[in-house]
Structures are given as structure tokens and as C-alpha cells.
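Take a look at the structure below.
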Amino acid sequence: MPEAKLILRGLHKSFGDNDVLRGIDMEVQAGEMICLIGASGSGKSTLLRCINQLEPIDDGAVLLEGQDISEPGLDLGPVRRRIGIVFQSYNLFPHMSALENVLLAPRRVLQEAPAASRARVEALFARFGLGEHMEKFPDQLSGGQQQRVAVIRALAMRPEIMLFDEITAALDPELVGEVLSVLRQLREEGMTMILATHEMGFARELADRVCFMDGGVIVEEGRPEAIFTAPQMARTQAFLRSVLR
């Protein structure tokens with residue numbers, strides 16, 4: 001098997017006296033989709049933020065294709081272009097159209113020519129069913145549409161890995177499906193992804209691996225059919241009983 005795209009070794013992260021991550025080890029192969037499940041406060045969001053160095057780790061290492069990207073003093077700009085992240089809050093600029101929101105980073109950070117960046121970004125809007133909404137402002141879009149714009153904005157930076165932090169949590173139930181359809185498409189196209197999610201049905205259907213987190217550790221991981229059908233750990237069993245009732 002080739003070397004993993006992303007390797008986490010012994011990740012530790014604390015906020016004051018609160019140990020949020022307590023020795024996380026994980027390997028992610030190129031094109032793999034991993035779903036992180038667990039109760040709020042289990043460390044899922046912090047883990048994602050540590051992967052692309054929005055939060056510096058206290059101990060351990062994050063290796064991207066063999067390079068330690070958690071090394072102190074490393075220029076993180078190139079790292080964050082390679083590892084995109086989307087949060088449950090859309091964080092769109094309200095005074096800019098959806099198209100302008102997405103074009104901002106490719107032009108400023110990637111230094112793309114205006115015509116080239118616009119053509120590429122318009123293709124992304126069309127691909128994810130928002131071609132008719134590019135010129136609208138965020139308050140003219142539904143929550144699901146705004147979240148899709150946030151995904152497009154991350155994809156516009158041409159990342160190699162995408163991280164998604166509970167991106168359906170703030171949506172009304174009827175809007176969740178349109179965002180999950182975007183993730184399905186990315187899965188089919190071979191994007192490497194790590195998702196923190198409460199959508200158990202989605203994790204069971206599409207994940208290559210599911211990792212159950214509790215208390216800052218990965219308690220159990222495996223194929224979805226194994227985790228959801230025959231979990232081995234008592235903590236995993238208790239969590240699934242509570243969310244699958």
C-alpha cells in the first residue's frame with residue numbers, strides 16, 4: 001500500500017486544563033472518506049482544526065505526504081491551500097455576491113488572472129447546481145445554498161484534502177439533503193475527505209471508515225458496516241443506541 005496521504009501521530013491538544021485531544025493516531029489514504037462521529041465535546045472539531053493548523057498542536061505530528069506540517073515556524077499558507085476546511089457557519093461576506101465571495105481568495109492568494117479564475121469558479125457553481133444564483137447576495141440564498149457556496153469557496157483553492165465540520169448542523173432538515181449531495185459528488189470524484197458529522201445515515205452509506213471519538217480519543221474505528229452493525233466497544237454501543245433510537 002502506498003504511503004498515506006495524511007498521517008496523524010500522537011496528537012495532543014489542551015485548552016488550559018481541558019485535554020481535548022489525548023493521543024490521536026490516524027492514517028488517511030488518498031481518495032478516502034473518513035467520518036468522525038461522537039457526542040459534542042468529544043474532540044472532533046478540534047481534531048479538524050489541528051489537521052490544517054488552525055489550532056497548533058501541543059504534541060505529536062501531522063504529516064502531509066511525509067512532510068511534518070505541524071513543525072513550529074513552518075509557513076502555513078501553502079498548507080492551508082492544500083487542506084481546505086468548511087464549517088457549519090457559512091462565513092460569507094454579506095456585502096458581496098456569492099460569486100465575489102468565491103473569487104476573492106483565488107485572485108488574492110493564488111494570484112489567478114481574473115478571466116481564468118472567473119471561468120473556473122463559474123464552472124464550480126454550475127457543477128453544484130448554483131449557476132443561476134452566482135450574482136445573489138448571501139441573504140438572498142437559503143441556508144443550504146449558502147453552505148454550498150462555502151464548499152465551492154473552499155474548492156476554488158484547489159485543495160487536495162477537504163475537512164468538513166458538521167456542515168449540516170445549522171440547516172433545517174429539508175435543506176440537509178442538498179448539501180449531502182455535494183459531498184456525494186466529491187466522494188465519487190475521489191476527493192480525500194474527513195468529516196465530523198451527526199448524519200449517521202450518510203456516514204453509514206458513503207464513508208470508507210468511521211471513527212467514533214469520545215473524551216479526546218478514537219475509541220473505535222472500522223468499516224461503516226462493522227461500526228454500525230456490530231460495534232465492539234461499550235462506549236460505541238452506548239453512543240449508537242442514543243442516536244439511532
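- Under the 4.5 Å side-chain criterion, counting only non-hydrogen atoms from C-beta, E178 is in contact with Q145.
- Atom CZ of F228 is separated from atom CD1 of I37 by 4.5 Å, given to the nearest 0.5 angstrom.
- Side-chain N or O atoms of R235 include none that pairs as donor or acceptor with a backbone N or O of V219 at under 3.5 Å.
- Q232 CD to F212 CZ: the interatomic distance, rounded to the nearest 0.5 Å, is 14.0 Å.
- A pairwise comparison of heavy atoms in P231 and Q237 identifies O-NE2, 2.9 Å as the closest pair.
- V62 is listed as a side-chain neighbour of L6, based on a closest heavy-atom distance under 4.5 Å.
- Residues S70 and Q53 share a closest heavy-atom pair of CA-OE1, 3.5 Å.
- Exactly one of E122, R107, Q111 qualifies for a side chain to side chain donor-acceptor pair (under 3.5 Å) with S117. That residue is R107.
- I167 and L130 end up in the same hydrophobic cluster when Ile, Leu, Val, Met, Phe, Trp and Tyr side chains are linked at under 4.5 Å.
- To the nearest 0.5 angstrom, I69 atom CD1 is 5.0 Å from L64 atom CG.
- Note that CE of M193 is 10.5 Å distant from CD of E32, once rounded to the nearest 0.5 Å.
- No continuous path of ILVMFWY side-chain contacts below 4.5 Å connects L163 to M33, so the two sit in separate hydrophobic clusters.
- Residues D208 and R187 are paired through a salt bridge, judged by an N-O separation under 4.0 Å between the basic side chain and the carboxylate.
- A continuous path of ILVMFWY side-chain contacts below 4.5 Å connects I194 to I57, so both sit in one hydrophobic cluster.
- The existence of a salt bridge linking E188 and R184 is excluded, since no basic side-chain nitrogen approaches an acidic carboxylate oxygen closer than 4.0 Å.
- Shown here is E225, whose CD atom has more than 12 heavy atoms of other residues, nucleotides or ligands within 6.0 Å.
- Of the listed residues (D68, L63, I24), just one forms a side chain to side chain contact (heavy atoms under 4.5 Å, CB included) with R9, and that residue is L63.
- The backbone N or O of H198 lies less than 3.5 Å from a partner atom in the side chain of E166, making a donor-acceptor pair.
- Residues L21 and H12 form no side-chain contact, since every pair of their non-hydrogen atoms from C-beta on lies 4.5 Å or further apart.
- Looking only at distances, a side-chain donor or acceptor of D75 sits under 3.5 Å from a matching main-chain atom of G77.
- Between the T46 side chain and the G43 main chain, no donor and acceptor come within less than 3.5 Å of each other.
- In terms of heavy atoms, A170 sits closest to Y90 at O-OH, 4.4 Å.
- The side-chain heavy atoms of Q147 and V182, taken from C-beta on, include no pair separated by under 4.5 Å.
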Step by step, work out the side chain to side chain contact (heavy atoms under 4.5 Å, CB included) result for E221 and M26. CA-CA 10 Å; E221 66 176 291; M26 180 188 293; 5.5 Å; no
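- Of the N and O atoms on the side chains of D19 and S14, at least one donor lies less than 3.5 Å from an acceptor on the other residue.
- At a cut-off of 3.5 Å, with distance as the only test, a side-chain donor of R204 or T229 sits close to an acceptor on the other residue.
- No more than 12 heavy atoms of other residues, nucleotides or ligands lie within 6.0 Å of CE in M233, so this atom counts as exposed by the packing criterion.
- Note: L76 CG to I83 CD1 = 10.0 Å, rounded to the nearest 0.5 Å.
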Intermediate values then yes/no, side chain to side chain contact (heavy atoms under 4.5 Å, CB included), R49 and K13: CA-CA 11 Å; R49 294 174 67 88; K13 177 65 181 180; over 6 Å; no
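- Cluster membership check: L175 shares its hydrophobic cluster with L195, using side-chain heavy-atom separations under 4.5 Å among Ile, Leu, Val, Met, Phe, Trp and Tyr.
- Linking ILVMFWY side-chain heavy atoms closer than 4.5 Å, directly or via other members, places L124 and L103 in a single hydrophobic cluster.
- Under a 3.5 Å cut-off, the side chain of Q146 and the backbone N or O of L141 do form a donor-acceptor pair.
- When each of R80, R82, R81 is checked for a salt bridge (Lys or Arg N to Asp or Glu O under 4.0 Å) with E160, only R82 meets the rule.
- For the pair K44 and L36, the tightest heavy-atom approach, listed with the atom from each and the gap, is CD-O, 3.5 Å.
- Atom-to-atom distance recorded for E135:CD and L99:CG is 5.5 Å, nearest 0.5 angstrom.
- Residues Q88 and A169 approach most closely at OE1-CB, 3.8 Å, considering heavy atoms.
- In plain terms, the two heavy atoms of V210 and A203 that are nearest each other are CG2-O, 4.2 Å.
- The ring pair (Phe, Tyr, Trp, His ring centres under 6.0 Å) test applied to F137 returns no partner, not counting sequence neighbours.
- Between T197 and F164, every side-chain heavy-atom pair lies at or beyond the 4.5 Å cut-off.
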For side chain to side chain contact (heavy atoms under 4.5 Å, CB included), just list the numbers for I152 and F128, CA-CA rounded to whole Å, side-chain angles, deciding distance to a tenth of an Å, and then say yes or no. CA-CA 8 Å; I152 291 169; F128 294 114; 3.8 Å; yes
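- At a threshold of 4.5 Å between non-hydrogen side-chain atoms, the residues H133 and R148 do not count as touching.
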Test log, rule side chain to side chain contact (heavy atoms under 4.5 Å, CB included), inputs E100 and H95: CA-CA 9 Å; E100 290 169 335; H95 64 288; over 6 Å; no
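- Between the side chain of E3 and the backbone N or O of Q29, no donor-acceptor pair lies under 3.5 Å.
- Side-chain contact between L8 and L47 is present, with heavy atoms from C-beta onward closer than 4.5 Å.
- Side-chain atoms of L186 and L155, non-hydrogen and from C-beta on, do get closer than 4.5 Å to each other.
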